[in-house]
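By convention in this document, chain letters (A, B, ...) are assigned in the order of the sequence lines, proteins followed by strands, and residues within each chain are numbered from 1. Note that the structure is predicted; figures quoted are calculated from it, not measured. In what follows, every heavy atom counts, from backbone to side chain, and hydrogens, waters and symmetry copies are set aside.
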Amino acid sequence: MAAIPLPRQYPPPALLSTAPELKRRLLQGCRSFQELKHLHARLLRLGLDGDQYLLNLLLRSSFDSGQPAHALLLFRRTDHPNLYLWNTMVRGLVAADHMADAVHLYTDMRREGLSPNNFTFPFVLKACARLFDLDTGVKIHAYVLKAGFELDVFVKTSLLCLYAKCGRLDEAQRLFDEMPVRNVVSWTAIISGYMSEGRLEEALDMFRRSLEMDLKPDSFTLVRVLTACSQLGDLKTGEWIHQYIEDKGIEKNVFVATSLVDMYTKCGSVDKARAVFDGMVEKDVVSWSAMIGGYSTSGLPQEALELFVQMQAANMRPDCFTMVGVLSACARLGALELGQQVSCLMDMNDFLLNPVLGTALIDMYAKCGSTAQAWTVFKRMMEKDLIVWNAMITGLAMTSHGKVSFGLFAQIEKMGIQPDGNTFIGILCSCTHTGLVEDGRKLKGLCSFGQLGIF
DNA sequence: TTAGGGTTAG
């Protein structure tokens with residue numbers, strides 16, 4: 001009879017009687033907050049709380065267990081923490097999404113008279129970038145120059161990201177130009193900077209330049225440039241990048257492959273998207289959603305629904321993105337029953353709290369002729385942006401509820417929401433469906449259609 | 001111990 005493998009043995013805490021034992025245990029990682037507290041107690045009991053190496057492991061364990069407040073508590077109790085501990089704290093707070101705390105801690109560190117090193121800056125600059133705190137970032141930049149870290153590629157790239165994120169692409173480009181060493185991360189960062197400014201062509205130009213300089217793009221770079229192609233509808237460049245990936249034998253991870261799927265669907269090559277999708281070794285919910293949504297927006301609802309059936313057969317749980325694609329396909333087909341069935345796969349609150357998902361459900365009900373159900377969803381939705389209102393106005397208009405859609409239009413105005421072209425298209429649609437010619441004329445008198453670009 | 005908020009929606 002085969003021996004039953006015993007579970008991995010951890011020494012009971014009581015046996016952790018020496019520093020090496022405690023260190024080994026801390027390096028294994030904690031399984032619970034309770035255990036973390038126990039290990040801390042052992043540290044105190046053994047009089048090892050002055051050992052900053054062990055304390056650092058304890059801090060990291062606290063962050064890894066999702067207990068940043070506990071890490072902060074331990075840290076505050078430490079006399080004269082060394083730079084390593086400060087860095088661990090700033091890094092941990094950034095990873096735990098406590099950006100303001102990370103910046104405050106950095107400020108405390110400076111106040112205590114400690115000099116940051118090349119590791120400190122990327123952590124704290126990331127926090128500034130996420131907070132869009134350019135003022136603090138600029139002060140840190142001044143200190144970077146003073147302390148002589150401006151040549152460090154990590155520090156420089158972090159600064160570049162800060163400026164790009166805060167809308168200062170000019171400064172980001174200047175830093176990039178003066179970098180003595182550029183690597184794939186710096187190139188990807190500047191490409192992303194151009195993309196976030198909507199300068200997609202220039203982002204692709206930077207990518208071409210990077211290749212001319214023999215840079216080997218990685219999956220992060222490829223995802224960015226494929227996204228730029230998607231947004232531009234630039235099939236030619238997208239295909240070229242795909243060929244480049246194949247020629248160089250670059251492994252297509254799930255992110256790159258999904259970006260290819262998205263690029264092909266957005267550029268009108270659904271078949272190529274499907275070929276990439278079928279060739280994917282690993283597919284996640286994003287890949288499935290991209291392909292299903294791609295079929296829907298390409299006017300192939302039947303294919304979208306067939307793929308959704310396959311997704312379920314593959315035991316892949318749909319998310320909000322999947323559901324939008326599926327509901328949109330049902331709306332196009334007028335498949336009310338199916339739409340109702342699939343909507344049951346989600347919690348109703350998901351529809352009520354997510355305006356995109358809610359709109360997809362309203363649109364499906366309205367296009368399938370069930371205005372009453374569309375109305376119920378609309379009334380219950382917590383967050384209604386203009387697109388939600390437009391979907392309901394159009395839905396009512398299409399089913400000859402012109403008066404009600406006019407009522408909604410009046411409410412929009414009363415609430416101070418600025419209608420857009422789609423709102424007026426919905427309203428005009430209700431005029432044509434209900435013969436409210438005179439109301440349509442009045443509306444034309446009231447609103448400046450020319451400005452909206454409708455006529 | 002460090003830098004890229006890596007892909008999908010109405």
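For A:M323 and B:dG10, the CE to P distance is 15 Å, given to the nearest whole Å. At whole-Å resolution of the value, CG in A:D319 and C1' in B:dT7 are 12 Å apart. Here B:dT2 presents its P atom at 12 Å from CG of A:N56, a figure rounded to the nearest Å. B:dT2 atom C1' lies 14 Å from atom CZ of A:R130, rounded to whole Å.
You'll find that the side chain of A:V153 is closest to B:dA3, out of B:dG4, B:dA9, B:dA3. Looking at the side chain of A:R224, the nearest of the listed nucleotides B:dT7, B:dA9, B:dA3 is B:dT7. In this structure, of B:dA9, B:dG5, B:dT2, it is B:dG5 that holds the atom nearest to the side chain of A:S192. Distances from the side chain of A:R60 to the nucleotides B:dT1, B:dG4, B:dA3 place B:dT1 closest. Of the candidates B:dA3, B:dT8, B:dG4, the closest approach to any side-chain atom of A:V286 belongs to B:dT8. The nucleotide whose nearest atom lies closest to any side-chain atom of A:A290 is, among B:dT8, B:dG5, B:dG10, B:dT8. For A:Y84, the side-chain atoms get nearest to B:dT1 when compared with the rest of B:dT1, B:dA9, B:dA3. Of the listed nucleotides (B:dG4, B:dT7, B:dT2), B:dG4 has the atom at the smallest distance from the side chain of A:A189. Closest to the A:F123 side chain, of the nucleotides B:dG10, B:dG5, B:dT1, is B:dT1. Between B:dT1, B:dT2, B:dA3, one nucleotide has an atom nearer to the side chain of A:N118 than all others, and that is B:dT2.
If you check the side chains of A:Q173 and A:D177, you find a donor sitting under 3.5 Å from an acceptor.
For the pair A:K283 and B:dT8, the criterion of a side-chain N or O lying under 4.0 Å from OP1 or OP2 is not met. For the pair A:R91 and B:dT2, the criterion of a side-chain N or O lying under 4.0 Å from OP1 or OP2 is met. For B:dG4, one of the phosphate oxygens OP1 or OP2 lies less than 4.0 angstrom from a side-chain nitrogen or oxygen of A:K126. The shortest distance between the side-chain N/O atoms of A:S328 and the OP1/OP2 oxygens of B:dA9 is not below 4.0 Å.
Between A:H70 and A:F63, the distance from one ring center to the other does not fall under 6.0 angstrom.
Contact of A:N354 with B:dA9 (side chain to base): a donor-acceptor pair of N or O atoms is detected under 3.5 Å. At a cut-off of 3.5 angstrom, counting only N and O atoms as typed in the model, there is a donor on one side and an acceptor on the other between the side-chain of A:D385 and the base of B:dG10. One can find a donor-acceptor pair under 3.5 Å joining the base of B:dG4 and the side-chain atoms of A:D218. A donor and an acceptor atom sit less than 3.5 Å apart, one in the side chain of A:T258 and one in the base of B:dT7.
With sequence neighbours excluded, the residues forming a salt bridge (charged side-chain N to carboxylate O under 4.0 Å, His left out) with A:D108 are A:R76, A:R111, listed by chain and number.
Pairs of residues two or more places apart, or lying in two chains, that qualify as side-chain hydrogen bond (donor to acceptor under 3.5 Å, both in side chains) and include a residue from residues 284-295 of chain A are A:T258-A:S287, A:R274-A:Y295, A:D284-A:S287, A:S289-A:T322.
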